[in-house]
Protein chains: 2
Amino acid sequence: MGLDALVGHAGYAVRRFQLWIFQDFIKTLAAVDIRPTQYSVVTVIGANPGLTQAAVAKRLGIERARLVHLLDSLEQRKLVKRVPSATDRRSHALHLTAQGEEQLRKFKRLAAEHERHVAEKIGKENRERLLQILACFT
Amino acid sequence: MGLDALVGHAGYAVRRFQLWIFQDFIKTLAAVDIRPTQYSVVTVIGANPGLTQAAVAKRLGIERARLVHLLDSLEQRKLVKRVPSATDRRSHALHLTAQGEEQLRKFKRLAAEHERHVAEKIGKENRERLLQILACFT
DNA sequence: TATTGTTATACTCTATAACTATA
DNA sequence: TATAGTTATAGAGTATAACAATA
């Protein structure tokens, strides 16, 4: 069975690849129950303590409304905390808890393992090339 | 604001790229009201008339249950028809209508235009490299 | 007036399970 | 018993709009 025009479409290949990569990520981090979006949120807060919700949402391309629920869940799990902002009473400063910092190190180790799966799948050099080509989207 | 570990993750870049590419596809084909998944279904049926629903679903990595609704919509729009199979009364042979064939040519012209947008965004050679790297996922 | 976080709604997509009619 | 198509449901993800508190 032929795919005809789909073979020449970057979007089709990228979509299939993205599905594979997310499935592997979810499986590799299943023991800590962290999904790709959760990982991106915890990582960005860990690297930039004190950010507002609006700033995180904008940087990661997530809707503000969706981030509310993501943070609710992460806060319940004691990984993240919302601290009242000192300068703007509308906004929250986001921080990792001590437990969040500790867990993040574990998440990163597992994410690195996932990344090795990617390298095995498409080749180490191809993975590097891919990151270079798509650097403008990060 | 830094992304920390996210910068080195292929999955993050691929996800952001995929969102961009789908948005451009949807916008470029808005005049004919065709989304990426619909395009992939019509294209595969056009290139392989007579396929069963199960075969299309498996080839494109779509759930059988979801394909039912996709085909309902495409059939209502007179682009696709379900023909009773001659050999297996459980299954349908999928075909494009005459109108479907005609419309598909228009879809392909617009999809090619979208593909040029991709080439402009990441560069012609990078697009080629990307297709080569991800060929194993099609 | 505009922005922050929140709530609510709707629609798409994904993942299942179960049903029917066939094989 | 297994498979093809269908129906139904639940959970993510996306896209909006609107609201209260605050700037």
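For clarity, every value in this text was computed on a predicted model and none was experimentally measured. Chain identifiers are assigned alphabetically (A, B, ...) following the order of the sequence lines, protein sequences preceding nucleic acid strands; residue numbering begins at 1 within each chain.
Remark: A:Q18 engages A:R15, B:R15 in a side-chain hydrogen bond (donor to acceptor under 3.5 Å, both in side chains) (not counting sequence neighbours). Judged as a salt bridge (Lys or Arg N to Asp or Glu O under 4.0 Å), and not counting sequence neighbours, the contacts of B:E75 are B:R82. Remark: A:T97 pairs with no residue by the side-chain hydrogen bond (donor to acceptor under 3.5 Å, both in side chains) rule, at least two apart or across chains. Considering only residues two or more places apart in sequence or on other chains, B:R90 meets the side-chain hydrogen bond (donor to acceptor under 3.5 Å, both in side chains) condition with B:D88. With sequence neighbours excluded, the residues forming a salt bridge (Lys or Arg N to Asp or Glu O under 4.0 Å) with A:K108 are B:D4, listed by chain and number.
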Across nucleotides 13-23 of chain D, 5' to 3', mark each nucleotide with B, S or - according to how protein heavy atoms within less than 4.0 Å reach it. SB-B----BBS

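Atom-to-atom, CG of B:L74 to P of D:dG5 comes out at 15 Å; the value is rounded to the nearest Å. The CG-P distance, from B:D72 to C:dT12, rounds to 13 Å in whole Å. The NE2-P distance, from A:H92 to C:dT3, rounds to 19 Å in whole Å. Between A:R82 atom CZ and C:dT4 atom P the separation is 15 Å, expressed in whole Å. Rounded to an integer number of Å, the gap from B:L67 CG to C:dA15 P is 15 Å. Between the CG atom of B:L71 and the P atom of D:dA4 there is a distance of 15 Å, rounded to whole Å.
In this pair, B:W20 and B:F17 present their aromatic rings parallel. The plane angle is below 30°, not in the 30 to 60° band.
Listed by first and then second residue, the salt bridge (Lys or Arg N to Asp or Glu O under 4.0 Å) pairs involving residues 124-138 of chain A are A:E115-A:R127 (not counting sequence neighbours). Applying the side-chain hydrogen bond (donor to acceptor under 3.5 Å, both in side chains) definition to pairs two or more places apart or across chains, those involving residues 30-45 of chain A are A:Y39-B:H9.
Across residues 51-58 of chain A, A:T52, A:Q53, A:A54 each have a non-hydrogen atom less than 4.0 Å from an atom of DNA chain C (numbered order).
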